[in-house]
Every structure is written in structure tokens, then in C-alpha cells.
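What follows is a set of notes on a single structure, which appears directly below.
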Amino acid sequence: MIHQEAVTVMSNKQIAEATFEVELKGACVEAMTTPGQFVHVQTGGGWEHVLRRPLSIANVEDDVVSIVYKVIGQGTEWLTNQKPGQMINVLAPLGNGFPYEAIHNKRILLIGGGVGVPPLYYLGKKLQERGNEITTVLGFQHKAAVFYEEKFQSLGNCYVATNDGSYGTKGFVTDITKELYPNMDHYFTCGPTPMLQAVTKQLPIPGHVSLEERMGCGVGACFACVCKTTDAHDPKGYRKICQDGPVFEANKVVLT
Amino acid sequence: MIHQEAVTVMSNKQIAEATFEVELKGACVEAMTTPGQFVHVQTGGGWEHVLRRPLSIANVEDDVVSIVYKVIGQGTEWLTNQKPGQMINVLAPLGNGFPYEAIHNKRILLIGGGVGVPPLYYLGKKLQERGNEITTVLGFQHKAAVFYEEKFQSLGNCYVATNDGSYGTKGFVTDITKELYPNMDHYFTCGPTPMLQAVTKQLPIPGHVSLEERMGCGVGACFACVCKTTDAHDPKGYRKICQDGPVFEANKVVLT
Amino acid sequence: MKLAVNLPGLAMKNPILPASGCFGFGKEYGAFYDLNKLGAITIKAATETARYGNPTPRVAETSSGMLNAIGLQNPGVDSIMEEELPYLANFETPIIANVAGSSEEEYAFVAEKLSQSPYVHALELNISCPNVKEGGIQFGTDPTLAASLTKQVKAVSSLPVYVKLSPNTANIVGMAKAVEEAGADGLSMINTLVGMRLDLMTGKPILSNKTGGLSGPAIKPVAIRMIHEVSQAVNIPIIGMGGVTNAEDVLEFLLAGASAVAVGTANFRNPFVCPEIIEALPGVLERYGYDSIESCIGRSWNHVSN
Amino acid sequence: MKLAVNLPGLAMKNPILPASGCFGFGKEYGAFYDLNKLGAITIKAATETARYGNPTPRVAETSSGMLNAIGLQNPGVDSIMEEELPYLANFETPIIANVAGSSEEEYAFVAEKLSQSPYVHALELNISCPNVKEGGIQFGTDPTLAASLTKQVKAVSSLPVYVKLSPNTANIVGMAKAVEEAGADGLSMINTLVGMRLDLMTGKPILSNKTGGLSGPAIKPVAIRMIHEVSQAVNIPIIGMGGVTNAEDVLEFLLAGASAVAVGTANFRNPFVCPEIIEALPGVLERYGYDSIESCIGRSWNHVSN
Ligand SMILES: Cc1cc2nc3c(=O)[nH]c(=O)nc-3n(C[C@H](O)[C@H](O)[C@H](O)COP(=O)(O)OP(=O)(O)OC[C@H]3O[C@@H](n4cnc5c(N)ncnc54)[C@H](O)[C@@H]3O)c2cc1C
Ligand SMILES: Cc1cc2nc3c(=O)[nH]c(=O)nc-3n(C[C@H](O)[C@H](O)[C@H](O)COP(=O)(O)OP(=O)(O)OC[C@H]3O[C@@H](n4cnc5c(N)ncnc54)[C@H](O)[C@@H]3O)c2cc1C
Ligand SMILES: Cc1cc2nc3c(=O)[nH]c(=O)nc-3n(C[C@H](O)[C@H](O)[C@H](O)COP(=O)(O)O)c2cc1C
Ligand SMILES: Cc1cc2nc3c(=O)[nH]c(=O)nc-3n(C[C@H](O)[C@H](O)[C@H](O)COP(=O)(O)O)c2cc1C
Ligand code: FES
Ligand code: FES
């Protein structure tokens, strides 16, 4: 059941370079039980912004959901100005989310890049509750952009790569995962498309990817957000990222 | 000298039906010495509202200007939501204002209708300081719309007419002014065009009218706000309300 | 307050309907509210066979508007009739099927098929889609082509045909008269204006199709102008659209000359926008002194002494 | 950062200029800042004799845009040359004079006169004003008329001629090529889209002229699309405009293919918008990796592997 609700800003603070964490409280948070789902956020007053902004669920505690967002354009800029006590209209929860329920006592590799990192934290929590062993690899551009490292450390080992080497390993997440994957059962990844391409190419173990695409409706009605399936015999040949995704089994969809 | 400044909301409260009074503090208020001038107010965040809203100066106390506005559409609706401490971008003071400086010890009739009432209050104060005797006639649709009656009473006699008779005299301002004008030297009027037409037609004494028109720039550059002059020999044949007005000698401009 | 309006093929309990392409085949918004509330439903464009559409990105935001270049993705007319229409048969709301194609033959094929569906009440000829290489907008900017296509479709279809006009023309009235003459039962207007946005990072267009169709409140003044002009020149009803977000906008479209009003882009910002408008409409009509939908239609130029 | 650009007749120290009709004859904004900061100035349209223009109301706001129907009010070309241009002669900023008329003869008369002014550096032929009954937009929607007019004006004028194109057409490239062929030295685009807004209280159009020209951020995607298409099809420079509010917008116009960028409506919301853009421009270019204006022009289609 998808809710539209004006939720209340509890806090909204910068946690890294151009990166903010906002906590939102509302009745619809109760339905946010599945990591990997997202919240479609109305930004701006009036109708200057006709589209909502898709942002992932980073964590849920009771009836408060945390979202980590990077300031990109007008909508996220507007978000930074919303103060505690103000209301924000959200459509949530949207999408399918990560299939974590049936995974128990496995060795799990979480691989996040940039603003793809947040949904993995809520996923990691849920997987840890199910007795899985969590290892995380995070990629950022440089030191100032790093966030959530300690949160992931509380779930298990956490490795960080930065493109310029200003923090952690210099290079890409795949420079780290290449050593780790032989001891893993399953991976979950979210981040920029080139990273997802590199990760899915590198890792022969089962995995799931979470995709991003520019969205219109966010609920499956407008066909803005499709991706192609890799299986030539798939009857539809495509999936809607907002409704059928954003999470897909690795190698089942074409990453472009 | 016209200023563009982000001024601070000191208070913003409803004073009559759909009518609010906002107090704004800023350095540019110092320049607002002439009643009848107006403030061009930026409304809305972003560029959804590309035009500013012209609103008259209703009063000035030290560095605080009061504006009384009626909620008409999107811009004034937005204004009602601006809380003390928030900033509003204004372009001010604009227009010529009422020529009050040289008027001393005269019997003055102020005639205001609806949201044409506010600028007359600041004018009345300035004229009173110059030893003039002030009589005010205010017209409103009905009782709930009446505002500023006591303020004008503090300047002299104040009569109120309402269209439906729910307060004061039933009828129009001209039902009252027809009795008063023989004892007056000069009038100043501001209000809806039909009222201005009736007033200027009725009163044979010298007077000034303040006009309204939809505006673009507010500073004389776009020619949105012209009115025709009555003098066929006037070389230009028109005046810009934002720059040459909004105040004109009665019967010098065509009221449409 | 009587909200009902009657248009060819469409007995609508109110004048509000979602616009084609912004409402899928109804299921998604049917999860938010009872689709019986709507005056009618326009479904997504159908073509002869399945189309994948354009590569992504397919949408970009602009000031008070958006660009889309979906490219008529749809599962093909057969699949729509088998897989999608039965769901809509659960509602009493009349259905308008949007018809697209790359050639006269394809339009005629799709129209004929859809005419045979017991669930479809009217056709909307999409001669104004700016996002496909062939067909679409080229029919919508040439009155001769548009008239010929309308005739062809009318010849094979037993349902009323609404022709959906493109605003990307210097002479909208000429286009409207041409398709009226060719037998159109009604008009839908406007489709999107052709626009583009560049990604400052890459320097290239954001949409992979480069150009896209501009919709949303930004285009409302263009829609109102065109409907005001066309409604005075033709004798067939107009389904108006372009930037509607609330009941006041609906009244503006009715006054301009539309007989029913479609809501597209606004569904994306507010999934409940259609039922909210329907609920607000009687109050808004009353506030401005109207006692029925009919009494508003065309008032901007009709029965008004100027 | 080198901001200078050179266009026919215009040695501009930066690519920013106010758009015609939104800046009067310079005096009003000259009270806010030093007009020497501007790359050039486009003055209000001139006609043969004084015109009063349309009755008021002449402007109405729309979502992220506005409608205007000023109707070419101006004191006539002689009075402009005597009363208005001398003020602008106090600045070193080049002046573009906007030329309008109801007939070929009137355009030619005005152009010839203005060519003789020592203070004017280029002419802008306004064949796209939607707000006058005769002339204006009819020249702007017919390539044959537009080409003939351009030729006439070129024949009598010693200054470079920029033709200002109307977006109210299905074929902007055809129009651009026609006037290029006829001898235009440059193009200005876009003028306003024709729109309308109704007053719900009266049921009638807000503007007394009924229709008006839509400008502001709402039309930016249409402008970008047209400039992107036209700049690939012609070999004369384009002064781009339509909804510019900040330096990022300017970069988008340059990338689309404009060589200079005019700011119209935005002056009304922010009288300092032009100098603020000029100040912000180097930083914005740098942020996106450009080191001159030239390096941006047409990058959306030029030197970019697709
Ligand atoms: C399923 C999903 C989950 C996401 N989760 C997060 C997250 O947790 N944290 C985070 O910082 N970002 C996330 N993103 C990306 C985020 O949606 C964009 O960064 C954001 O919409 C940019 O909005 P803006 O107004 O600042 O930018 P603008 O460029 O002004 O936005 C204009 C339009 O483009 C869209 N857009 C721009 N960039 C993107 C993008 N990269 N992806 C999708 N739409 C885009 C906007 O939604 C808007 O419609 C997610 C995207 C998707 C699809
Ligand atoms: C010189 C002058 C002084 C004024 N002083 C006052 C005042 O002190 N108090 C007050 O309540 N009102 C005053 N008005 C009228 C006031 O400007 C409008 O009521 C207001 O702009 C409406 O804005 P909106 O956004 O609520 O309405 P909308 O209808 O949403 O506005 C849309 C556009 O139309 C313009 N507009 C709409 N109605 C009017 C109008 N009647 N006059 C001018 N522009 C209009 C707006 O400025 C805006 O550009 C004055 C007008 C002028 C010209
Ligand atoms: C994402 C999207 C998809 C669309 N698809 C179609 C379509 O398939 N057929 C069609 O005739 N119009 C289509 N349109 C145009 C709309 O039906 C409508 O005419 C236009 O968007 C203007 O209305 P609006 O401003 O309310 O969105 C589409 C519009 C959008 C935004
Ligand atoms: C109030 C107003 C008056 C205008 N007058 C003229 C004019 O006289 N001549 C002309 O060529 N364009 C005129 N225009 C069009 C602008 O120059 C410009 O092309 C258009 O507004 C798009 O730019 P913008 O969105 O930045 O305003 C006028 C525009 C406005 C808003
Ligand atoms: S965003 Fe509309 S279908 Fe996915
Ligand atoms: S509002 Fe622009 S000249 Fe008066």
C-alpha cells in the first residue's frame, strides 16, 4: 500500500560534503519495512517543480525514517532549507526493495558508491538481524564525501575506497571486492552505473543491484524509468525501475 | 533612489476579512518618506512568480514599514505564510507619491475604498503634522472587511460606508462625500476604478487620485502600466503609473 | 451542482479525465482511489505491435513543466486489449483509447481493432506525438495529412474519433477545421510543445532522444489560447488539457471553450489530483457564479458582451 | 576568464544583453547600475510614428512565465533618436535597435533612419511581435515574407541586421534559413509564444488584447530546442533568449548554439539580474570546465562524440 503523506522533519543536517541526512516522522514510516524501497519527495512550493525526487530509505527507527541526500540541483537544494517542524509531502514506500527476508546465516557483501550507500545501511541492519555476516565496501570520490563508515562498522567489517586516495584505499570498490568475494555468498550493490557495471562483471557470486533512473510518476504509470532485460525470451523485454525495481537480480537487466 | 533589499518580517497578522497587515524592517524604509509610494514585493520561492506585487506603504514608524494587503491570488496567499524573522525581497520605494509637502492648514478629505485605504493613512499622518484638518471617508463591501477605522479617527473625523449597510452608512463613499465636500479644500483618493470615477466626477474641488494597474517592471521600463492623459495637447499622451504615478492630479488622466 | 457532461461516445459524470500517457492503463492509480470517480479515462497510446520506445533518460524537469520522450512504449494493440482493458472493465467509467502509428495503415489497423473492444468508448488519434521518428507529429503539423488520416480512421472505426492536436504549429485553427471537415467527432488539445534541456555536466541534451514534449503548468497559457481560438471556429467538442493542476484551472479551460478537461503531468506530483479536482469543482464553480458545467463552456467568447 | 564575444557590429565585453522591450531605453536600469557592465543593450521596438499600444491590462502572470501585450508602444523613430539614444551614448556599450512596423515600407523606413544614428551598432528586425494586428508576427510565420522583408531592410541599412524569430511555427529551421539566405547577419531567438489567461471573475481574457506573448522560464525548453536546431543549420550567429534567469541558463544557451544571450522578463523580478549574471558567469564556466565563451558555443552538437 502506497501512502501520500505530509511527514514532519525531525532533523536535517549536513553529514559530508554536499551531503545531508534528514529524519522524517509520519504514519507511513510503519510501512517502510523493506530496505531498497524509496520515498518520492515533493520539493518546492507551488508547481515550479512538477516532478518528485526519488530518495532511498537509509534507515528506520520506530516511526522515523532517515534519508541521506546529495545536493545536486533545485530540489535537493530546497530540501536543505527544510527545518525541523516543517512538513514534506512524500509518496512512499515505492519499489520492490531488496529480497532479504529469506537470507539467513550467509556471508554478505554490501557494495555502495556515493549516494548509493544509504539504502545498504538499512539492508545491512535487517540482514544482521537474520544472523548474516556483513562486510561492506564503500566508494567515494574523496575524503570529504565519506559518510556512514562507522554505521557500517557497527554491522561488521567496512572498507572504504576513494578515487583520489585521500581516504582508505585509492581506487575503486572493485579494487577491494576482488580480494573479498571468494569468501562471500551473496552481494548487494547500489551506486553509479559504471560502478554497477564493474561490480556485476567482476563478481561471479549471486547478487542484486539497485538502479537509478530519472522518474516521472514513480508508481509505474508513465514508462519514464524502464530498463531492458538481458533475457531475449523475456515476454516484455523491459522492467520499470520504479515499480518492478529499483532492485533487480544482477545480470537480469541491462545497465546503461 | 530605488533600493532592492531583503527586509525582515516583524509581524504579519490578519486585521479584517482576507486582509493582513505585515510589518517589514530594513534600511530602505528610511527612504519611504512619501505616502502614496509603493513597494514591489517578490513573492514565491524560485521563479514560479516572475512578477513582483505592487503594495502601498500604509505607514512608517522608524525603520519599520506597514503594508496592508488583501489576499487575492497566489502572491498574496504566499505572503500570509511569511513568519516573523523571515526575509522578503522588496524593490522600494517606487512611484511619485502624494504631493503633501506644500499643503498646510487646509481642510483635507481622504477617500479610500477597500485596499485603496492603506496609503491614505500614512498620508493623513503627514498632512496632520502640517496642520491640516483631516476628514476621512472609507468604503468597504461589508462589515467584516472594515479595517483602520480607529487609526483614521485618531487623525480626525472618519466616516465608513458599506455596500450592504452592515456597518456605517449603507451605500458608497460618494453618498457621504456629497455632504462633506463643500467644507473641504482638497481631496486625495485611492480605491477601485469605479469609485475613483464616481469621486472625481462628484467633487469639484482640487484633488489627487492614486491608480492601480497590472505591472511588469514597476520602474518604468516595460510600458505595462500606462494610462492616457485627458489633455489632447499633452505631447506624450500617456503616463506610466509605476513611474509617473501612481498619484495623479484628478481629471488629468483617463480612468479606465 | 450538475457536473455531468455528454460528449460523443462519452457519458461523463464529471468533466475530469486523466490524459493519455500519464495514467498507464489505470491500474497504478486505481490502487490510490476508485476509478469510478473519474469522468473518463484516457489510456496510453497503442500501436500495431509492441514498442520499447526511446532509450532512457526519458524525462527531465523544467520550470513549471517537464519534458518527456517516452516514444510510445506500449505492448501493442492486441496485448492492450487482452491484458489491460479487462481491468478497466471493472469500472463504469468510459474509456478513450489513444491511437498512434508510423503510417496511415498502422493508425487504421489499430483504430479498427480498438473499435471492436466492448470496453472502449471513443478513440483519440494521436497525431501530435513529438517523440517518434516517423508518424506522430508530422501528421499533426500538416492539415492535409491530418485530414486524410482522420478520414481513413473514421472509415474503419465505429467509435467516435477525437483528434489530438499538436501546439507546434502557426495555425491551430486551420488544423482543427481540416480534421473537423474530415469527420472528427471531437478534438483533444493540446499535446506537448517540443523542447529540450541540456545537461551542463556533459553539455549534451538530458533526454537520450534529445528533444522531448513539454507539458505541465508552463504550457497552460498556450493551451488556453488555442482552445479559445479553436472552440470559436469548430462545431465539435474539445477535450482540453495542458498544465491543469486544480479546479480553478479546469474552470479556465471550460471558459476557454473545452467541454471536458484532462489532467496529465499533475498526476505525477499528486496521485490524487483528479479526485481532488472533482471534489473541489462544485465549490469553485459556485464561487464564480456558475451552476453547471455547460454554463461555463466557452463563456470567454460566448454570450459575453465585450 | 575571457568573456568577450564578437558578433557582427557588436564588440561585446561579455555575452549578456537585455532583451528588447524589457529594458526601455536604458534609463530606468541605468539608475540601478552602470550600463557599461553590459555586453550590449537592445532597446525597445521603434516604429515610424509614435504608437500608444494596446489598452491595459497589458501583462498577466502565468506559472514561471508572463504574458505581455504592450503592442509596440513607442514614441516613434525620430523621437527615439533625438530623446532616447543620446542618453545611451554616455556608455561604451553597443546598442541594438529593435525595428518594427505594419508593412515592408515601414520596416525599411525605420531601419534606414536608425542606420544613420551614430549610436546604433546593429538592427534587430522584430518580425515576431504577437501583439499587433498588422505586421509583426505575420512576417514571422511565413518564410517568403520574412525573406523579402529582410532583403528590403538590408538594402537600405548599412548596419548588421539580426532577424528576431517567432517560436510560433512548426518549422523554425526553414524560417532561419530563409532569412539567412536573404542576407541576415544574425538571428535573435526566441520571441514569445502566443498565450492567454482568463480572469475567472469576469470569464474574459485578462489582457485587453486577449492574447499576449508568453515569456519567462516557462519557455526556456522551447528556446533551447530551437537554438539547438537552428544553430546547426545556419552559419550566422544567434543571440539566444527565452527564460534566462541565471548564469547556468546562459551556459545552457551557449551550449545550445547561441553566441550571446539576452535577458528579458527576469529584469522585472530582479533589476540587477544582468550584472549579477555577468559576475557569476566566469565561476559557472569554470565549474563546468570551460575556459572561454567560444569554447561553449554549440557544444551540445559540435565537437562532441555522440
Ligand atoms: C530509486 C532511486 C533512489 C535514489 N536514492 C537516492 C538517495 O538515497 N540519495 C541521493 O542523494 N540520491 C538518490 N537518488 C538520486 C536522486 O533522485 C537525485 O539526485 C535527485 O532527484 C536530484 O534532484 P535535484 O532536484 O537536486 O536535481 P535536478 O537536476 O534539479 O532535478 C531535476 C529532475 O531530474 C531528476 N534527477 C536528477 N538527477 C537524477 C538522478 N541521478 N537520478 C534520478 N533522477 C534524477 C530529479 O528527480 C528531477 O526530476 C535516487 C534515485 C533513484 C532513482
Ligand atoms: C500602485 C499599487 C498599489 C497597490 N497597493 C495595494 C495595497 O496596499 N494593498 C493591496 O491589498 N493591494 C494593493 N494593490 C493591488 C495588489 O497589487 C494586487 O492585489 C496583488 O498584486 C495581487 O497579487 P496576487 O498574487 O495575490 O494575485 P494574482 O492574481 O495571483 O496575481 C497575478 C498577477 O496579477 C497582478 N495583479 C492581480 N491583481 C492586481 C491588481 N488589482 N492590481 C495590480 N496588479 C494585480 C499581480 O501583481 C501579479 O502580477 C496595489 C496595486 C498597485 C498597482
Ligand atoms: C509522460 C507523458 C507521456 C505522454 N504520452 C502520451 C501518449 O501516449 N499519447 C498522447 O496523445 N499524449 C501523451 N502525452 C501528452 C499528454 O496526454 C498531454 O496532452 C500533455 O502532457 C499536456 O497535458 P499536461 O500538461 O496536463 O501534462 C504524454 C505526456 C506525458 C507527460
Ligand atoms: C514586456 C515585454 C515587452 C517586449 N517587447 C518586445 C519588443 O518591443 N520587441 C521585441 O523584439 N521583443 C519584445 N519582447 C520579447 C523579448 O525581447 C524576449 O524575446 C522574450 O521576452 C523572451 O525572453 P525572456 O523570457 O527572457 O523574457 C518583449 C517581452 C516582454 C516581456
Ligand atoms: S517513473 Fe513512471 S513508470 Fe517509473
Ligand atoms: S510596470 Fe513597467 S513601465 Fe510600469
Side-chain angles (χ1 to χ4, degrees), chain B residues 1-6 40-54 72-76 78 89-92 94-95 192-193 211-229 234-245 253-256, chain D residues 18 21-32 44-45 50-75 79 83 199-201 206-208 212 215-218 220 243-246 249 264-273:
Chain B
M1 183 57 197
I2 301 170
H3 302 259
Q4 182 181 237
E5 188 182 339
H40 218 24
V41 181
Q42 240 183 33
T43 62
W47 285 80
E48 189 174 14
H49 302 172
V50 301
L51 298 179
R52 289 169 179 263
R53 271 58 178 168
I72 300 289
Q74 293 194 320
T76 47
W78 178 89
N89 186 301
V90 301
L91 201 59
L94 300 185
T193 307
L211 307 190
E212 282 190 14
E213 188 49 80
R214 286 181 186 252
M215 292 185 176
C217 64
V219 301
C222 77
F223 290 80
C225 68
V226 300
C227 60
K228 289 198 166 148
T229 50
D234 182 79
K236 284 201 301 189
Y238 71 91
R239 293 289 182 279
K240 294 179 203 162
I241 291 174
C242 68
Q243 193 180 37
D244 306 321
V253 287
V254 180
L255 302 173
T256 49
Chain D
C22 302
F23 209 73
F25 298 99
K27 273 202 196 84
E28 293 77 16
Y29 291 102
F32 287 106
K44 220 185 134 35
R51 289 203 192 184
Y52 176 72
N54 293 315
T56 55
R58 293 177 172 187
V59 292
E61 197 181 61
T62 68
S63 296
S64 296
M66 66 174 282
L67 296 168
N68 90 79
I70 309 296
L72 297 181
Q73 175 159 22
N74 80 96
S79 166
E83 315 273 327
D199 182 335
L200 299 184
M201 273 308 189
I206 289 181
L207 301 180
S208 71
S215 62
K220 199 185 73 172
V244 172
T245 67
N246 58 35
D249 292 340
T265 303
N267 290 288
F268 305 160
R269 188 168 166 96
N270 176 7
F272 294 98
V273 70

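In what follows, chains are A, B, ... by sequence order, proteins preceding strands, each numbered from 1.
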Quick check on the interface: out of [options], who has the most heavy-atom pairs with chain D under 4.5 Å?
options	result
B/G73, B/G46, B/G75, B/G237	B/G46
B/L51, B/I2, B/L91	B/L51
B/C225, B/A224, B/G44	B/A224

Minimum heavy-atom distance between [X] and [Y], given as atom pair plus value:
X	Y	result
D/Y29	B/A221	CE1-CB, 3.3 Å
B/V50	D/G65	CG2-O, 3.3 Å
B/T256	D/T56	OG1-OG1, 4.5 Å

To the nearest 0.5 Å, tell me how far [X] [atom1] sits from [Y] [atom2].
X	Y	atom1	atom2	answer
D/S63	B/Q74	OG	CD	6.0 Å
B/R52	D/F268	CZ	CZ	12.0 Å
D/I70	B/C222	CD1	SG	5.0 Å

Identify which part of [X] has an atom lying under 4.5 Å from any heavy atom of chain B, answering side chain, backbone, both or neither.
X	result
D/K44	side chain
D/F23	backbone
D/P57	both
D/A266	both

Which one of D/T62, D/N270, D/T265 has the most heavy-atom pairs closer than 4.5 Å to chain B?
->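 When all of D/T62, D/N270, D/T265 are compared, D/N270 has the most.
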Among D/G53, D/P271, D/A60, who wins on heavy-atom pairs under 4.5 Å with chain B?
->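 Top count of heavy-atom pairs under 4.5 Å with chain B: D/P271.
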For the residue pair [X] and [Y], establish whether any side-chain heavy-atom pair is separated by less than 4.5 Å.
X	Y	value
D/E28	B/C217	no
B/F223	D/N54	no
D/I206	B/R214	yes
D/F32	B/Q4	no
D/V59	B/M215	no

Is a side-chain donor-acceptor pair under 3.5 Å present for B/E48 with D/S64?
->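 No, no side-chain donor-acceptor pair sits under 3.5 Å.
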Would you find more than 12 non-hydrogen atoms of other residues, nucleotides or ligands less than 6.0 Å from B/K228 atom NZ?
->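 Not buried by this count: 12 neighbours or fewer within 6.0 Å.
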Heavy-atom neighbours of D/M201 CE exceed 12 at 6.0 Å |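 Counting neighbours around CE of D/M201, 12 or fewer heavy atoms of other residues, nucleotides or ligands fall under 6.0 Å, so no.
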Just by distance, do the side chain of D/R269 and the backbone of B/H49 share a donor-acceptor pair under 3.5 Å?
->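 Confirmed, D/R269 side chain pairs with B/H49 backbone.
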Salt bridge (Lys or Arg N to Asp or Glu O under 4.0 Å) pairs, two or more places apart, involving residues 54-66 of chain D =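 Output for this query lists B/R53-D/E61.
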